[in-house]
Amino acid sequence: MRANISALDPRKENLRIQKWVVFTALLLFAIKITAYFLTLSVAILTDALESIVNVIAGIIGWYSLYVSAKPRDVDHPYGHGKAEFISAAVEGTLIAIAGLIIIYEAVDHFIHPQPLKKLDYGMYLVASTALINFFVGYNSIRKGKKNNSLALVASGKHLQSDTYSTIGIVIGLALIYFTGYTWIDSAVAIIFAFVIIYTGYKITRSSVAGIMDEADIDLLNSMVTYLNENRRVNWIDLHNLRVIKYGGVLHVDCHLTVPWYLNVNEAHEEIDELIGLIKTRFGESIEFFVHTDGCLEFSCSLCNKFDCPVRRRPFEKRVQWTLQNVLSNKKHQLS
């Protein structure tokens, strides 16, 4: 029974996947450093240097997932999910630094070239790391998106960026093998260093957005559209909607306008319906704070509850919920 419960817990699943990310990073570093000593290729060396970053970033990500999985306490009433954003920020920074180191090493190798050897063995070893990286990275991103884990997504993107750079390095090694032009080694390393730096920037940018509680416009649009398509007749309007990510948990708060004459239990039933609808579409890892407002006289014009016993104005038209009127902190009304 314990195993089944753990399998259903996204936080425990995230930790398990991150362990594999760390193990993979250690294995691939060993393979790449072996390939470097066989070939003396600076492109392979820079790939190995990035793998060191993978190991460090993987351990940081693992620890952040461990911290974020802790239950809320008195000092952290919203939980520990923000640790994932900090982890992703560190990982993105390390990726960018690795790119800069790669550029330095490539330029130095271009100025002071060294003869290359056993390129065929090096290509086979490095190509095998690309396949492993891509598979583990793909799985990490897929599970991270499913469980709303920025740390897992960051780790997966890091591994996949390593995959793409490794493919480029293999192509460069193949060109050197068939043409004998050793300067290609440095050129390939520099090109993919810039790709790595850009990846680091994107991961850091996403983490900073999470730390600053930046609105996720795509998520909000998706949520508003879904609610608009499935709204109940007693949901006269929805406003002051806010969504904040804390690691794998979404905190949603909003104001829901319902008929003023509903009693407390009836109003609470409407909230339960709203919460159930959102969880059906966006998963169970959501915490809600829904405030109910009673409708006012101007609400009659946009309320299509035609059997309302206290209607004061005729119905004119239904207001479609949009990002603009749902985010606004005021009841909807016709101008």
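Heavy-atom basis, side chains included; hydrogens, waters and symmetry copies ignored.
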Please determine whether the number of non-hydrogen atoms from other residues, nucleotides or ligands lying under 6.0 Å from atom [atom1] of [X] exceeds 12.
| X | atom1 | answer |
| --- | --- | --- |
| R232 | CZ | yes |
| F135 | CZ | no |
| Y124 | OH | no |
| Y226 | OH | yes |

A side-chain contact here means heavy atoms from C-beta on lying under 4.5 Å apart; do [X] and [Y] qualify?
| X | Y | value |
| --- | --- | --- |
| D253 | F288 | no |
| Y177 | L173 | no |
| K317 | S301 | no |
| C254 | F289 | no |
| T322 | N325 | yes |
| W321 | H332 | yes |
| T39 | L116 | no |
| F298 | K331 | yes |

With sequence neighbours excluded, residues passing side-chain contact (heavy atoms from CB on, under 4.5 Å) with H268: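 Per chain and number, H268 pairs via side-chain contact (heavy atoms from CB on, under 4.5 Å) with D272.
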
Derivation of the side chain to side chain contact (heavy atoms under 4.5 Å, CB included) call for R281 and L277: CA-CA 7 Å; R281 172 65 177 80; L277 188 65; over 6 Å; no

Working for side chain to side chain contact (heavy atoms under 4.5 Å, CB included), residues Y181 and L175: CA-CA 8 Å; Y181 296 143; L175 289 174; over 6 Å; no

Nearest heavy-atom pair of [X] and [Y]: which atoms, and what distance?
| X | Y | answer |
| --- | --- | --- |
| C300 | R312 | SG-N, 3.5 Å |
| I236 | C295 | CD1-CB, 3.5 Å |
| K118 | L38 | CB-O, 3.7 Å |
| A106 | S186 | O-OG, 3.0 Å |
| V319 | R231 | O-NH1, 2.8 Å |
| I44 | Y36 | CG2-N, 3.6 Å |

Side chain to side chain contact (heavy atoms under 4.5 Å, CB included) evaluation trace for V310 with W260: CA-CA 10 Å; V310 293; W260 63 264; 3.7 Å; yes

Intermediate values then yes/no, side chain to side chain contact (heavy atoms under 4.5 Å, CB included), H291 and D293: CA-CA 7 Å; H291 171 79; D293 288 331; 2.8 Å; yes

Side-chain donor or acceptor of T225 paired with backbone N/O of N221 under 3.5 Å: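 Checking the backbone N and O of N221 against the side chain of T225, a donor-acceptor pair under 3.5 Å is found.
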
Of E266, E270, E269, the residue whose pairing with N234 passes side-chain hydrogen bond (donor to acceptor under 3.5 Å, both in side chains):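 When E266, E270, E269 are each tested with N234, the side-chain hydrogen bond (donor to acceptor under 3.5 Å, both in side chains) holds only for E270.
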
Shared hydrophobic cluster, L302 / Y261 (ILVMFWY, side-chain heavy atoms < 4.5 Å):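 No, separate clusters.
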
For V126, the option from L28, I31, I167, T166 that meets side chain to side chain contact (heavy atoms under 4.5 Å, CB included):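 Per the side chain to side chain contact (heavy atoms under 4.5 Å, CB included) rule, the option paired with V126 is T166, out of L28, I31, I167, T166.
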
Pairs where residues 165-176 contributes a residue and the test salt bridge (Lys or Arg N to Asp or Glu O under 4.0 Å) is met, not counting sequence neighbours: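 Those involving residues 165-176 do not exist here.
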
Polar side chain donor-acceptor pair, T257 to D237, under 3.5 angstrom: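 Their side chains do contain a donor-acceptor pair, which is all the 3.5 Å distance test asks for.
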
Point-to-point distance, once rounded to the nearest 0.5 Å, from OG of S222 to CG of L323: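 The CG atom of L323 is 11.5 Å from OG of S222, to the nearest 0.5 Å.
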
Non-neighbouring partners of R313 that pass salt bridge (charged side-chain N to carboxylate O under 4.0 Å, His left out), sequence neighbours left out: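 R313 satisfies salt bridge (charged side-chain N to carboxylate O under 4.0 Å, His left out) with E297 once adjacent residues are dropped.
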
